[in-house]
J.: 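Okay, here's the structure, questions in a sec.
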Amino acid sequence: MKSHVKAVVIGGGVVGCSVLYHLAKAGWTDIMLIERSELTSGSSWHAAGGFHTLNGDPNVAKLQAYTVQLYKEIEELSGQSCSLHLTGGVMMADSPERMDFLRLAHAKGRYLGMDTELITPSEAKAMFPLMDETNFVGAMWDPVEGHLDPSGTTIAYSKAAKKLGAEIVLRNRVVELTQQVDGTWNVITEQGTVHAEHVVNCGGLWAREIGRMVGLELPVLAMEHMYLLTEPMPEVEEFNKSTGREMIGVMDFKGEIYTRQERNGILLGTYEKACKPWSPVNTPWDFGHELLQPDLDRIAPSLEVGFKHFPGIEKAGIKQIINGPFTFALDGNPLVGPVQGLTNFWCACAVMAGFSQGGGVGLALSNWMVHGDPGFDVWGMDVARFGEWASLRYTNAKVRENYSRRFSIRFPNEELPAARPAQTTPLYDTMLANNAVMGDSWGLETPLWFAPKGKEPKDIVSFHRSNDFGPIGEEVRGTRERVGVTEIANFAKYEVSGPGAEDFLNRLMTNRMPKAGRIVLTPMINEFGKLIGDFTIAKAAEDRFMIWGSSAAQKYHMRWFEKHLPKDGPSASEVRIHRFDQTLVGLSIAGPKSRDLLQKLVDVDISTKAFRFMDFREMAVGGAPCMVNRITYTGDLGYEIWMAPAYQRLVYKAIKDAGEEFGLVDFGMRALLSMRLEKNFPTWFRELRPIYGPFEGSMDRFIKLEKNDFIGRDAAARERAEGPKLRRVSFIVEAADADVMGDEPIWAKVGKDYGTVEKPHGFGAPRFDAAGKEVRGSKAAQGASAVRGIVDGDWRVVGWVTSGGYAHYIQKSMAQGYVPAALAEDESAGLFEIEILGHRRPARINVEAPFDPSGEKMRS
Ligand SMILES: Cc1cc2nc3c(=O)[nH]c(=O)nc-3n(C[C@H](O)[C@H](O)[C@H](O)COP(=O)(O)OP(=O)(O)OC[C@H]3O[C@@H](n4cnc5c(N)ncnc54)[C@H](O)[C@@H]3O)c2cc1C
């Protein structure tokens with residue numbers, strides 16, 4: 001065993017071996033994988049080996065598609081077969097809602113280059129004759145599904161990595177990790193100490209324990225999971241013989257089961273509601289190639305539905321039941337990337353679908369380690385997406401909820417109840433008393449909308465407009481016509497201070513820093529010129545800046561800020577960053593009467609001239625010390641008021657009392673998001689993400705290339721010089737009773753040469769040549785049939801929706817999304833259609849914001 005390496009990967013499951021392979025392939029060959037026992041000694045050996053590309057997050061779906069494409073490559077390099085069976089598979093819908101869900105998934109697939117197809121139950125039955133098709137209303141076919149040999153695949157990765165120069169050490173447990181002052185690691189193992197620049201936690205079932213070695217409580221939990229194998233079935237053999245094909249994979253949401261052919265029989269697994277965590281607090285180190293005791297009673301309700309839906313399987317004898325543990329994060333997606341607060345400590349764990357995701361995880365992580373950027377939009381699996389609130393107990397409750405709902409529909413207006421309330425503000429009880437429907441915003445209870453008196457404050461979940469539609473309309477009109485108040489504690493808040501604060505921020509941000517008492521809006525971009533943040537910054541004093549941003553990105557942004565702090569030399573102590581979290585809370589008032597209202601609560605002049613648009617001031621509001629920004633995300637005249645939690649009730653009561661004469665209304669997050677739509681304002685993580693350049697994101701006026709040298713300036717200058725390929729635009733959509741939710745395809749009529757259409761960093765995304773002909777991407781390499789559904793007569797998919805909804809004040813449905821730059825200013829009617837729940841609706845670009853386009857109200 002070497003004593004010094006560039007990186008140590010802990011864990012020889014499918015994920016660790018994939019990370020090792022990808023690091024070696026990227027050129028880091030001085031690397032070592034350390035495995036406690038033999039390869040696949042965690043959950044990898046007993047996996048059912050199924051793979052598919054569909055994922056609720058389209059970016060994760062793309063990485064899954066990459067994983068499937070990779071198997072041929074590692075087979076060739078390693079000489080080890082993965083026993084790949086690319087059978088294709090169907091997802092069965094038993095209800096109209098489930099069919100809507102499949103339509104949405106199918107629509108997303110259009111711009112991702114996925115070759116899915118909506119089919120009838122009878123067509124599905126022809127490929128899997130064991131089903132009773134009368135239980136279903138429709139299905140979605142995906143050719144890129146199948147199964148493989150889990151051990152063979154893990155070994156193929158490991159052999160391929162070794163061929164490229166990586167070392168693998170077996171039967172050697174990592175027992176301790178200690179960090180040196182220079183940020184490197186001593187990896188203390190049973191066989192001695194290895195010094196490494198980087199450490200990667202691929203500990204699978206023990207990832208939590210490895211996290212604890214460095215003081216982390218990772219939000220990951222193992223769950224028991226069962227699947228059964230039948231005896232050989234004559235129906236299966238007969239099907240194989242008569243068609244010359246293997247039976248396909250089937251996912252049955254109602255039965256919470258997945259099933260496929262395994263040898264001459266059937267494999268059937270369940271995600272049962274009565275799920276059970278395994279080793280909820282500590283994972284025993286002596287657990288090895290063992291299985292858990294099967295518990296048929298627990299899966300009986302799923303089997304009952306399954307046997308009704310697939311009567312052919314019920315008759316077969318059960319040969320074996322496998323019960324094994326595997327790990328999940330709160331939302332079922334992996335935890336990948338560098339951990340905020342630690343140097344050179346990386347995670348690739350909580351991978352619940354190692355054979356669908358392992359390749360993509362390995363690629364993204366190796367890019368990140370070697371090139372400083374994952375190269376894809378990996379937010380959906382970034383380890384930074386959960387905060388401190390994701391404790392052991394919180395994780396336990398949420399993972400159980402997620403597992404038991406794995407096959408349930410998540411509606412766009414659905415808030416899930418487990419582990420709530422976690423964090424609350426002092427106004428929580430008041431908001432409940434006001435009949436608020438609360439939502440979870442990065443672990444914090446936040447009012448979404450207010451139900452009318454006498455009505456139960458509860459969402460009726462739906463893909464269509466629902467019971468919040470009327471009340472949100474009232475909240476919006478009350479605000480736009482009079483004045484409204486809302487809680488904004490769920491924004492991220494930071495303070496950057498010290499003599500070096502301004503230089504530091506000027507280096508990180510694309511806009512100039514404001515003068516004292518003023519505010520700017522500014523994106524933040526990375527070295528590659530991609531958007532990684534969008535902030536409101538106020539200069540509170542010469543050496544003190546207040547920053548507001550996206551709540552969910554707090555760890556993501558802190559990781560970036562810390563990475564770029566001056567590390568040594570005289571300037572090292574010149575910048576301090578403080579993240580407030582819930583030690584600073586807020587309220588926003590907006591609407592034409594908001595100044596009159598605020599004036600009643602303060603003892604200073606806040607007239608237009610004395611307190612201008614984009615001014616920042618510290619002042620007492622209702623007697624409480626506050627910071628006030630003259631800015632609001634509603635796009636109206638308005639203010640954001642920030643205070644310590646101890647004062648929040650006082651300020652809210654003062655606003656409510658003084659607001660009575662102005663007809664004040666409470667409004668929630670949904671009304672706020674509706675109002676920002678009619679101002680064409682983007683949101684972070686929807687419109688603005690690290691796959692877009694700042695000019696693509698239409699953030700031009702906030703990019704000051706001529707100011708000092710800032711991170712990403714050269715790349716941004718290039719983007720501007722070459723002209724962005726895409727542009728973010730706003731649409732008015734002729735929707736019916738459902739609005740866009742995000743990720744819908746945007747269709748346009750052909751006849752114009754608008755160049756290449758590709759979702760950035762896409763695998764196999766559809767491409768068009770200058771003549772408008774589709775250029776085949778990676779699908780061809782997979783041997784799949786032609787991409788269907790992206791060209792339809794004169795129409796073709798040219799872009800994708802990022803978010804939208806109903807704009808209640810202008811009473812129109814709106815959407816934002818990305819289209820080729822050449823189309824971005826074409827407001828002609830009849831040019832675009834946006835697909836909502838399978839129906840293409842006419843849409844028109846709206847270059848100017850429909851509400852207050854000149855910003856007169858905002859500035860008044
Ligand atoms: C019953 C069942 C069915 C499944 N079916 C599928 C399926 O059909 N498709 C699919 O994609 N996925 C499936 N999975 C999930 C799949 O098994 C996991 O996604 C995958 O195994 C995760 O791999 P991993 O490398 O992250 O973790 P693991 O396989 O758990 O590997 C972690 C490795 O790290 C080692 N290790 C831990 N700590 C240390 C230490 N301190 N020092 C040295 N070594 C250490 C362990 O010994 C182990 O070998 C299934 C799982 C189960 C249980």
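Heavy-atom basis, side chains included; hydrogens, waters and symmetry copies ignored. Ligands are counted one by one from 1 in listed order, and the atoms in each one are counted from 1 as well.
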J.: Any N or O of G324 that comes nearer than 3.5 Å to an N or O of ligand 1?
T.: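 No - when backbone and side-chain N and O of G324 are compared with those of ligand 1, no distance drops under 3.5 Å.
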J.: Taking the six-membered ring of W379 as reference, does the cationic atom of R385 (NZ for Lys, CZ for Arg) lie under 6.0 Å from its centre and within 45° of its axis?
T.: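 That pair does not qualify as a cation-pi contact.
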J.: Can you tell me how far apart NZ (K72) and CG (L84) are? Round to the nearest 0.5 Å.
T.: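 If I round to the nearest 0.5 Å, the distance is 5.5 Å.
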J.: How far is atom 14 (N) of ligand 1 from its nearest protein heavy atom, and which residue and atom name does that atom have?
T.: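 Sorting protein heavy atoms by distance from atom 14 (N) of ligand 1 puts A47 CB, 3.7 Å first.
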J.: Any N/O of L205 closer than 3.5 Å to an N/O of ligand 1?
T.: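 The answer is yes, given that L205 and ligand 1 share an N or O pair closer than 3.5 Å.
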J.: Need the ligand 1 atom indices (1-based, order shown) with element for anything under 4.0 Å from a heavy-atom of V351.
T.: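 Answer for ligand 1: 18 (C), 19 (O), 22 (C).
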J.: If you take the nearest heavy atom of each of G358, A48, G203, S43, which one is closest to atom 17 (O) of ligand 1?
T.: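 It is S43 whose heavy atom sits nearest to atom 17 (O) of ligand 1.
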J.: Checking contacts here: is it the side chain or the backbone of C17 that comes within 4.0 Å of ligand 1, counting heavy atoms only? Could be both or neither.
T.: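 Looking at C17 and ligand 1, no heavy atom falls under 4.0 Å.
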J.: So, regarding G49 and ligand 1 (criterion: nitrogen or oxygen to nitrogen or oxygen, under 3.5 Å), is there a contact or not?
T.: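 Between G49 and ligand 1, an N or O pair is found under 3.5 Å apart.
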J.: Would R36 count as being in polar contact with ligand 1, using the rule that some N or O on each side must be under 3.5 angstrom apart?
T.: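 R36 vs ligand 1: N/O contact under 3.5 Å present.
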J.: From D94 CG over to K254 NZ, what is the distance, rounded to the nearest 0.5 angstrom?
T.: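 Between D94 CG and K254 NZ, I get 5.5 Å after rounding to 0.5 Å.
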J.: So is Y227 in contact with ligand 1, going by heavy-atom distances below 4.0 Å?
T.: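 Yes; Y227 lies near enough to ligand 1 that a heavy-atom distance drops under 4.0 Å.
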J.: At what distance, to the nearest 0.5 angstrom, does OG of S78 lie from OH of Y21?
T.: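 Taking OG in S78 and OH in Y21, the distance rounds to 9.0 Å.
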J.: Does G50 reach ligand 1 with a nitrogen or oxygen that is under 3.5 Å from one of the ligand's nitrogen or oxygen atoms?
T.: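 It does: an N or O of G50 is found under 3.5 Å from an N or O of ligand 1.
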J.: Does the N or O separation between I10 and ligand 1 drop below 3.5 Å for any pair?
T.: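 For ligand 1, there is no N or O atom that lies under 3.5 Å from one belonging to I10.
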J.: Just going by heavy-atom distances, which of H225, M226, H147, E35 is nearest to atom 49 (O) of ligand 1?
T.: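 Of the listed residues, E35 has the closest heavy atom.
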J.: Quick one: does C349 get a heavy atom under 4.0 Å from ligand 1?
T.: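 Per 4.0 Å heavy-atom rule, C349 does not contact ligand 1.
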J.: Taking heavy atoms and a distance under 4.0 Å, where does A348 meet ligand 1: side chain, backbone, both or neither?
T.: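 Neither part.
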J.: To the nearest 0.5 Å, how far apart are CG in D331 and CZ in R410?
T.: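 Atom-to-atom, D331:CG and R410:CZ are 9.5 Å apart.
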J.: Could you list the atoms of ligand 1 found under 4.0 angstrom from a heavy atom of S356?
T.: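 With S356 as reference, the close atoms of ligand 1 come out as 11 (O).
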J.: For atom 52 (C) of ligand 1, what's the nearest protein heavy atom and its distance?
T.: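 Nearest protein contact, heavy atoms only, for atom 52 (C) of ligand 1 is F326 CD2, 3.6 Å.
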J.: Is ligand 1 under 4.0 Å from a heavy atom in the side chain of W206, in the backbone, in both, or in neither?
T.: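 Contact part for W206 vs ligand 1: side chain (C-beta onward).
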J.: Quick check, are the ring centers of F355 and H147 under 6.0 angstrom apart?
T.: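 No, the ring of F355 stays outside the 6.0 Å limit from the ring of H147, centre to centre.
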J.: What heavy-atom pair brings Q64 and H52 nearest, and what distance separates the two atoms?
T.: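 Of all heavy-atom pairs spanning Q64 and H52, the closest is NE2-O, 3.0 Å.
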J.: Can you find an N/O atom of I322 closer than 3.5 Å to an N/O atom of ligand 1?
T.: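 Min N/O separation from ligand 1 is not below 3.5 Å for I322.
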J.: From atom 23 (O) of ligand 1, work out which of S44, G204, G249 has a heavy atom at the shortest distance.
T.: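 The option holding the nearest heavy atom is S44.
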J.: Between E388 and K555 (salt bridge meaning N to carboxylate O under 4.0 Å), is one present in this structure?
T.: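 Counted as a salt bridge, because a side-chain N and a carboxylate O are separated by less than 4.0 Å.
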J.: Given E145 and R260, is the salt bridge (Lys or Arg N to Asp or Glu O under 4.0 Å) satisfied, shown in steps?
T.: CA-CA 11 Å; E145 275 195 36; R260 65 165 171 84; over 6 Å; no
J.: Heavy atoms only: give me the nearest T230-M233 pair and the separation to one decimal.
T.: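 What the structure gives for the nearest pair is OG1-SD, 3.6 Å.
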J.: Quick one: are the ring centres of F287 and W278 less than 6.0 Å apart?
T.: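 Yes.
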J.: Near G12, which atoms of ligand 1 are under 4.0 Å from a heavy atom of that residue?
T.: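 The list of qualifying atoms is 33 (C), 34 (O).
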J.: Is it the case that the ring center of H289 lies less than 6.0 angstrom away from the ring center of W45?
T.: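 Yes: the rings meet the under 6.0 Å criterion.
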J.: To the nearest 0.5 Å, how far apart are OH in Y271 and CZ in R406?
T.: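 The CZ atom of R406 is 4.5 Å from OH of Y271, to the nearest 0.5 Å.
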J.: Where does T327 meet ligand 1, judged by heavy-atom distances below 4.0 Å: at the side chain, the backbone, both, or neither?
T.: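 The answer is neither.
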J.: On the six-membered ring of W285, is R36 placed so that its NZ or CZ lies under 6.0 angstrom from the centre and within 45° of the ring axis?
T.: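 No, R36 and W285 do not form such a contact.
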J.: Write down the atom of S41, the atom of W206, and the distance for their closest heavy-atom approach.
T.: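 Answer, listing the atom of S41 first, then W206: O-CH2, 3.8 Å.
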J.: Could you find the nearest protein heavy atom to atom 31 (O) of ligand 1 and give me its residue, atom name and distance?
T.: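 Residue, atom and distance for the closest contact: G13 CA, 3.4 Å.
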J.: With a cut-off of 4.0 Å, which atoms of ligand 1 are near a heavy atom of I34?
T.: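 The atoms of ligand 1 under 4.0 Å from a heavy atom of I34 are 43 (C), 44 (N).
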J.: Considering non-hydrogen atoms only, spot the tightest contact between G12 and L33 and give its length.
T.: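 Looking at all heavy atoms of both residues, the shortest contact is CA-CD2, 3.7 Å.
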J.: Heavy-atom distances under 4.0 Å decide this one: backbone, side chain, both or neither, for W45 against ligand 1?
T.: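 Neither; nothing of W45 gets under 4.0 Å from ligand 1.
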J.: Considering only heavy atoms, which of V15, V174, L148 lies nearest to atom 42 (N) of ligand 1?
T.: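 Among V15, V174, L148, the closest heavy atom to atom 42 (N) of ligand 1 comes from V174.
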J.: Counting only heavy atoms closer than 4.0 Å, does ligand 1 sit against the backbone of F287, its side chain, both, or neither?
T.: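 None of F287 does.
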J.: V14 to ligand 1: N or O pair under 3.5 Å?
T.: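 By distance alone, the answer is yes.
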J.: For the residue pair F328 and Y403, does the interplanar ring angle fall in the parallel (under 30°), tilted (30 to 60°) or perpendicular (over 60°) class?
T.: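 Taking Y403 first and then F328, their aromatic rings stand perpendicular (interplane angle over 60°).
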J.: Decide, yes or no, whether a salt bridge links E217 with R208 under the criterion of side-chain N to carboxylate O below 4.0 Å.
T.: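 Looking at R208 together with E217, the answer is no, because their closest N to O distance does not fall below 4.0 Å.
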J.: Provide the number and element of each atom of ligand 1 under 4.0 Å from a heavy atom of P325.
T.: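 Atoms satisfying the 4.0 Å criterion: 53 (C).
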J.: Taking the minimum heavy-atom distance to atom 34 (O) of ligand 1, which of G11, S37, S41, A222 ranks first?
T.: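 Ranked by closest heavy atom to atom 34 (O) of ligand 1, first place is G11.
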J.: Does any N/O atom on I210 come nearer than 3.5 Å to any N/O atom on ligand 1?
T.: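 No: no nitrogen or oxygen of I210 is under 3.5 Å from one in ligand 1.
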J.: Going by distance only, is there an N or O of R173 that falls short of 3.5 Å from an N or O of ligand 1?
T.: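 Checking ligand 1 against R173, no N or O pair falls under 3.5 Å apart.
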